[in-house]
Amino acid sequence: MITFFAWIIQIILVPVLSPLFVGIIRKIKARFQNRKGASIFQPYRDLRKLFGKDEVISKDASWIFKYMPFILFGTTLIVGLSLPMFTTFLKTNLTGDFLVVIYLLAFGTFFLALAGIDAGSAFGGFGSSREMTISALAEGGLIFSMLTLAIVAHSTNLNQIAISISSLPLRSFMPIILSFIGFFIALLAETGRFPFDNPATHLELTMIHEAMILEYSGKRLAVIEWAAANKQLIFLALGANLFFPWGIANSLSITAVFAGIIIFLIKLLILSVSIAVLESGMAKYRFFRLPDLLFTSFIISVIAIGIII
Amino acid sequence: MLTSQTNFIIALIFLAIGSIGSLAFRKKDSISNIWGNTFAAAGSAFGLLAAARTLFLNDIFSFSLPSTFPILSFSFKMDYLSAFFVFVISLIALLTSVYGMGYVKHYYRKYDIGSLGFFYNAFIAGMLLVVTANNALFFLIVWEIMTLASYFLVIFERNEPKNIEAGSLYFIMTHIGTAFIILAFLLLYKSTGSFDFEVIKNSAGLISPLTKDIVFVLAFIGFGTKAGIIPFHIWLPSAHPAAPSHVSALMSGVMIKTGIYMFIRIFLDILPNTPLWWGIIMLLVGSISSLLGVLYALSAHDIKKLLAYHSIENIGIILLGLGSTLAFTALGLNSLAIVALIAALFHTLNHAVFKALLFMGAGSVISKTHTRNIEEYGGLIKLMPYTAFFFLIGSMAISALPPFNGFASEWLTFQSLFAGIQSSNMIAEWSFVIAAGSLAFTGGLAAACFVKVFGVTFLARSRSEEASHASESSISLKVSMAILSILTLVFGVLAGTVATSLSKVSESLNTLKGSGVAATIQNLSMTTQNVFASVSMPGILLGLLIIITVTVLIVNFISRKQKEITGITWDCGTKPSPRAEITATGFSRSIVTIFRGILQPTKQTDIEYHDANSRYFPKTRTVNLETTDIYKKYFYSPIHKLIIKVSQYVKKVQSGNVNAYVLYIFIVLIILLISGVIK
Amino acid sequence: MEQLIAPQFLFIAGIVVFLTVIAMHLIKKSISVVYFYVIQSSMISLLLLYSSFVRHSFFVLAVTMLITAVKIIIAPGFFLRLIKKNELKFSASSYLNMPMTLIAITIITAIARSRFFHPLTVINPTNESTLLISIAAMLISLFMIINRKGALSQMIGVLSLENSIVSFAFTAGLEQKPGLELGITFDIFVWIIIATVFVSMVYKKFKTLDVTEMSRLKG
Amino acid sequence: MILAIIILTPLIAATLSLLVKKRVQLLELFTLLSVATCFISSIFVVNKVISNETYSLVPYFSVNALGIILLLLISFIGLIASIYSIGYIREETKKQIIGFTRVKQYYILLNLFLMAMFFAVATTSPITTWIAIEATTLSTAFLISFYNKSSSVEAAWKYLIINSVGLLLAFFGTLLFMSSSMSISASHNLISWNDLLTNAALFNPEVAKIAFVFILIGYGTKMGLVPMHTWLPDTHSKAPVPISSLLSGVLLNISFFAILRFKIVTDTVVGASFSEGLLMYFGLISILLSSFIIYLQQNYKRLLAYSTIEHMGIIALGVGFGGAALFAALLHMIYHSLAKPLLFLSSGNIFLKYSSTKIEKIRGAFLAVPITSAIFIIGFLAITGIPPFGMFLTEFSILAVGITNHPAIAVIVLFAFVLVFVGFLKHITTMVFGDKPEEIPVGEISVWNTLPLIVLVIVLILLGFYLPEPLKILLNKATLVY
């Protein structure tokens with residue numbers, strides 16, 4: 001019974017929490033620009049508003065344009081399922097492998113880029129070109145940072161990694177820190193955060209993620225925004241629970257599960273605060289300096305592996 | 001039920017009838033087309049039957065016919081490895097023949113369909129024989145017949161000089177490759193005294209390590225030229241686009257795999273205890289080929305040339321699998337070697353399937369728009385919905401996206417590389433790290449390249465008149481593409497069962513025989529001694545389907561009251577013209593500039609003025625963006641110039657002066673007399 | 001093998017052939033080259049005559065008559081008519097100037113007499129020196145074909161090569177059956193006819209007998 | 001008795017065609033009849049030779065295993081060439097390039113040429129072989145200067161001079177060889193090859209070495225081995241096509257046959273390594289030099305001439321390697337004698353159509369003369385040793401024997417083959433493909449020109465796959481002897 005209940009939480013946790021953390025990051029950034037900023041629940045209200053609006057779809061668009069938001073949202077949900085969020089005993093070796101997680105997200109980005117081109121506008125095209133370039137280069141750093149963990153844990157299953165990393169002695173923590181730095185750069189790239197892409201802007205020259213979804217409106221825009229929030233939460237959860245997995249409940253008792261959820265929320269809060277601090281303290285890089293950043297993330301993870309093997 | 005040997009012979013007979021028949025009906029195009037393709041399909045169907053019987057009912061056969069020439073014996077052998085490759089070849093040949101029936105219609109009255117049928121059947125028969133030949137000399141004969149048939153298929157559209165050049169470059173390169181192969185077999189003959197693969201395998205102990213290394217290098221260059229690995233690939237991007245699409249599907253999908261077949265046959269079956277550096281070299285060449293293959297694909301804008309470059313990339317991935325197998329056998333980890341070989345074989349099968357699908361899609365697009373340049377396509381998804389859907393499935397499979405077969409084999413290759421990273425030897429570990437790095441980047445870049453191809457070809461508005469009048473392709477084209485896309489899904493989802501049957505194939509090899517399989521492979525959960533990794537492809541597919549349908553239903557239910565209005569795309573108020581859309585060059589420009597060190601893009605702008613001397617009012621401005629082919633510049637043309645210089649020098653011997661000629665005789669006489677006496 | 005022809009007589013014949021070949025190198029005018037050829041072939045026919053008396057068989061005598069007819073009367077007749085018809089006063093120059101040709105000839109004779117050809121003398125050790133002289137004559141006539149640019153002198157060079165081979169045969173005691181001798185002379189006779197026809201054709205086409213003109217077929 | 005028929009019928013045909021005044025058809029008829037009778041009678045001789053070792057008529061004429069193979073080749077290629085020359089000469093007379101006297105001269109000399117070749121193969125004594133080969137040179141001299149242009153006169157002159165020098169050296173070599181068996185000259189009949197073989201014991205080894213050097217250089221000039229090959233490209237490119245196909249198809253084999261006969265004698269006296277070493281080095285240089293020159297060739301007839309030199313080099317190399325390579329070399333000779341005339345005759349058709357021998361002037365031959373260009377491509381594939389045809393097997397087994405005892409040479413030769421293939425492919429593709437110049441009419445020239453080609457192609461393809469039993473016995477017998 002408890003496991004069924006825990007499964008329900010596992011499924012609904014990602015979609016429910018993700019707009020919250022988007023709100024929190026916006027709130028902190030506003031605070032840094034010493035303005036009050038909207039409340040942290042503003043994203044929920046935006047979604048409800050968008051669901052209630054009519055939709056304008058371009059006549060050039062095909063079925064890809066129409067069904068892409070649902071595919072994107074679906075992939076984020078499946079990935080959400082297989083993450084070690086607050087318990088590790090929900091170990092599924094169906095989709096638990098970290099390669100599956102990365103390639104499922106790539107599946108979503110693939111369709112997002114296609115939909116960007118489908119509308120036939122110049123902005124969409126350029127957005128998808130930049131998006132695909134960055135995600136292609138970020139994949140190396142992403143895979144290799146998680147690979148360090150897989151080598152240490154002798155398994156590529158996420159839950160198994162979380163269990164074995166949590167029982168790791170402190171002195172062999174150096175490679176984990178290095179790979180976390182690599183992972184953090186890849187996280188910023190994949191979720192379109194600051195040095196790579198400014199989430200708030202609509203300036204044609206700089207926007208990457210926004211350019212692709214320019215043509216959307218109404219319920220489809222809502223689903224895409226939600227999916228973007230989910231993706232951000234997934235990366236935060238990965239960052240939190242793979243690299244610092246203490247406090248995850250590994251037994252079935254109610255208290256352990258609740259303690260797990262609270263510790264998980266605290267870790268997510270710390271991470272989103274650090275992202276917000278980073279964003280307000282740094283300017284967006286020129287596009288052609290990004291590959292060097294991504295290659296550094298790849299090299300850092302390779303050094304981390306070098307230390308272990 | 002017929003034994004696999006009779007099936008195989010019936011297949012060859014059908015192909016023979018097909019080739020001779022289509023030549024006989026040369027005069028009437030339609031009859032020779034139907035005749036050629038039906039017999040090719042029938043032949044490959046029987047080939048499929050034979051392979052299936054051998055693979056699943058363990059009906060291995062080998063027989064040989066005596067020949068009038070002393071050292072030649074026509075000996076065939078179908079063990080598990082040959083059966084697997086016969087299976088792949090006949091599967092793709094069956095579907096390309098069905099595709100060919102519809103596709104060849106647009107060549108009627110333009111070219112000679114009879115010779116197309118003749119060489120097409122000979123080409124398939126050649127490939128089937130190459131993978132079952134058991135005598136080195138017979139193998140070489142059939143190998144050259146396959147090259148000969150594919151040469152005439154490449155120059156089938158002989159009105160364009162470009163195709164003729166592509167054809168001769170192809171024939172020259174493969175012939176040079178065959179010279180290396182001949183040398184390798186001669187060296188084997190020198191130490192074992194026979195040309196029969198069985199005899200060589202049994203007396204492999206006699207081969208000294210030095211000859212074994214030389215044979216490795218020669219065979220690697222020889223078969224690498226046919227497989228199209230990086231330094232020897234220059235014929236592939238020009239030869240495959242020149243051939244008719246159903247032939248280039250066959251060439252790109254299966255013909256380059258015969259090189260891979262011989263890699264496995266020689267390095268894993270015939271030559272015992274391989275040294276470690278073989279595996280390392282194969283890993284490095286594999287990673288270079290995969291990375292550069294995808295980069296050149298990004299800079300290519302002819303759709304078939306792009307797909308050809310992707311074949312190089314996928315061959316690189318297969319080589320990664322093979323390289324890790326060799327490295328594991330050298331390090332003694334035979335169980336991991338089996339896993340790596342399963343990854344390589346699985347990717348061979350998958351690549352054959354989705355590459356044939358992509359070439360067929362490209363073929364039907366070209367037959368409708370009569371051009372191969374992506375820049376002139378656009379908006380075809382509305383005019384050719386089915387082809388677009390099948391092409392989409394093909395592109396998702398090739399960029400290794402989860403539910404499809406590309407992901408399954410790439411996942412297995414990744415797992416074998418990760419296992420390799422944890423192996424004990426220092427050099428091996430770092431080569432595995434390089435290989436895993438290149439595979440990671442290749443996956444991402446391949447996805448970028450196929451977003452470019454699919455987006456520019458099928459989505460948004462059509463960029464040229466031809467593209468706007470395209471119509472859906474005919475039935476036989478759609479049927480074969482449909483079957484192939486179902487296969488990509490089936491092989492993807494049933495990856496577990498395919499992997500188990502492949503483990504039977506890889507265990508049958510000589511060097512890997514009888515090693516306890518520590519790595520259990522059931523429905524694709526791989527547990528080796530210390531690494532536990534598992535993925536269940538059906539789980540992913542089910543999850544995707546359920547969750548996506550649920551979200552669609554919920555979202556439609558929530559905003560059921562809202563209306564969907566169709567307007568025009570927002571283009572800052574200007575009328576949305578096709579010029580506003582992203583072009584393929586624009587799309588890949590950022591990646592090409594990032595990797596400018598390797599690709600060395602050149603930009604040439606020339607401006608035409610109204611009147612030449614005033615140079616103020618330009619009439620037209622053309623920008624020409626190209627990437628230089630560094631291989632031709634730094635490796636092939638210097639050798640070519642050297643040969644020309646030597647032959648010019650040698651030509652002076654025939655100076656035209658009689659006295660000089662008699663002087664040659666006089667000098668030779670004196671030299672021989674002097675050397676005769678001293679000796 | 002019993003000695004058919006007295007060694008002294010063979011020695012004289014060898015010397016005459018050797019000297020005529022050297023003379024051909026030195027003289028510029030083609031008429032005198034023809035005369036030297038006549039001397040050479042008359043020496044050969046004398047040899048034949050001598051051997052026919054020794055073998056006192058009528059058949060050999062008839063063959064010698066034929067050979068003398070061919071080599072001394074018909075061949076020079078052709079050449080002189082050729083020279084008169086095409087007013088060739090002097091034959092074309094040679095590649096090496098006079099002193100150089102002499103040096104070359106001495107080198108060749110040194111090679112001929114050196115140990116490379118010495119084993120050949122074992123066939124008939126008695127007149128060993130004549131054998132070496134006829135070998136020297138052979139090599140020098142070969143050198144003549146290389147050195148002279150005139151088509152006519154090249155042709156005569158070939159014929160003198162044939163004469164020196166025949167003289168070697170006699171000195172080595174290898175003279176053939178009369179039937180074979182007849183065949184060989186018939187061959188030489190046809191060869192001379194064809195060569196003269198060709199020289200006239202060359203003259204008609206190239207307006208000169210200088211062989212260096214004929215160097216258009218290259219590569 | 002049959003041997004006499006073979007040798008005399010061409011002579012009769014030649015004399016008869018002398019009397020013919022105006023009717024060209026009569027000339028053609030005589031030649032055809034004579035060559036056909038020779039071909040049929042040589043087939044009869046074949047089963048005689050198979051039953052007993054050699055078939056000899058009167059002490060002067062005898063034919064052993066290799067001899068009959070050559071006879072068969074000469075008569076078969078002679079038949080094909082004479083059928084082709086009927087169409088060829090008619091076409092040339094139509095273009096008013098040659099008059100009736102030239103045609104008559106052509107057929108007479110053709111018959112004399114064939115007779116000389118038969119004579120050379122069948123005679124027993126070395127001296128008569130020499131006379132016969134000299135006769136072939138003389139009979140072809142006028143055939144080469146057939147077109148009476150300055151270049152063909154130049155080619156003929158060079159041919160005459162170089163070959164006479166070569167043959168005189170060979171004559172000197174034959175005399176040295178005869179010196180061993182002069183003692184038995186008392187017996188009335190001529191000294192035959194077997195006499196040379198029997199009293200090889202009393203032949204001084206030093207003299208034998210020098211004699212074989214002279215023979216090799218003499219007959220090597222006639223065979224076209226490299227340093228002495230210079231006459232071959234000029235003659236084969238200037239002679240009329242049927243003649244150059246006969247020249248490079250069969251004539252070179254006869255001088256090779258003579259070298260082989262002398263080789264056994266030297267082997268018994270001095271041991272095989274001396275002669276095989278020489279042949280191997282000559283073969284290697286011929287292959288290397290011709291492969292480089294083929295690469296930059298502008299004239300397709302010279303291209304085929306150089307390919308002949310290359311194949312003569314391969315045969316010499318095969319004999320030089322010895323053992324199984326000897327069987328392969330002889331079989332290679334047969335394939336070459338079939339494939340090279342095929343190429344020459346099809347290039348003849350192209351020449352008649354485009355009337356130019358420059359490669360870059362020929363474009364789109366496939367559209368102008370489709371059947372001939374298809375056969376031209378098949379010939380090209382056969383000559384460069386692409387597997388479906390027999391040449392690949394023979395080249396491969398020569399290399400197989402070569403790799404065991406001379407690996408370096410085998411490797412160099414293998415890459416020379418590749419270079420030849422690359423050069424040939426480059427030239428063939430420029431000639432056959434591409435678009436046809438307008439003024440060239442489409443369609444084959446005449447049935448006389450295409451029928452022989454088709455027959456030759458069928459024979460070549462058949463021999464590629466299936467080696468007929470009698471041929472195999474003959475070849476085995478020949479390899480035992482040499």
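The figures that follow rest on heavy atoms only: side chains count, while hydrogens, waters and symmetry mates do not. Below, chains carry the letters A, B, ... as their sequence lines are ordered, and counting in each starts from 1.
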Heavy-atom cut-off 4.5 Å, strictly under: side chain, backbone, both or neither for D/Ala155 against chain C?
both
Go through the atoms of C/Phe168 and report whether side chain, backbone, both or neither lie under 4.5 Å from a heavy atom of chain D.
side chain
Tell me which of these, D/Leu175, D/Thr128, D/Thr230, D/Leu296, has more heavy-atom pairs under 4.5 Å with chain C than the rest.
D/Leu175
Pick whichever of D/Ser164, D/Ser237, D/Pro205 has the most heavy-atom pairs under 4.5 Å with chain C.
D/Ser164
Verify whether the ring centers belonging to D/Trp130 and D/Phe171 lie closer than 6.0 Å.
yes
Look at the aromatic rings of C/Phe198 and D/Phe142 and report parallel, tilted or perpendicular, splitting at 30° and 60°.
parallel
Considering non-hydrogen atoms only, spot the tightest contact between C/Ala75 and C/Tyr37 and give its length.
CB-CE2, 4.3 Å
Between D/Lys149 and chain C, which part of the residue has a heavy atom less than 4.5 Å away: side chain, backbone, both or neither?
backbone
Among C/Val166, C/Ile184, C/Ile145, the residue with the most heavy-atom pairs under 4.5 Å to chain D is C/Ile184
Using only heavy-atom distances, determine whether the side chains of C/Arg216 and D/Ser150 contain a donor-acceptor pair under 3.5 Å.
yes
Side chain, backbone, both or neither: which part of D/Ile210 has a heavy atom under 4.5 Å from chain C?
side chain
Under 4.5 Å to a heavy atom of chain C? For D/Asn148 that would be both
With respect to C/Phe79, which candidate in C/Leu159, C/Val199, C/Ile74 satisfies the side chain to side chain contact (heavy atoms under 4.5 Å, CB included) definition?
C/Leu159
When you measure from the centre of the six-membered ring of D/Tyr147, is the NZ or CZ of D/Lys238 closer than 6.0 Å and no more than 45° off the axis?
no
What part of C/Leu142 gets within 4.5 angstrom of chain D, counting heavy atoms only: side chain, backbone, both, or neither?
side chain
Mind running side-chain contact (heavy atoms from CB on, under 4.5 Å) on C/Val70 and C/Phe186 for me, showing each step along the way?
CA-CA 9 Å; C/Val70 163; C/Phe186 174 70; over 6 Å; no
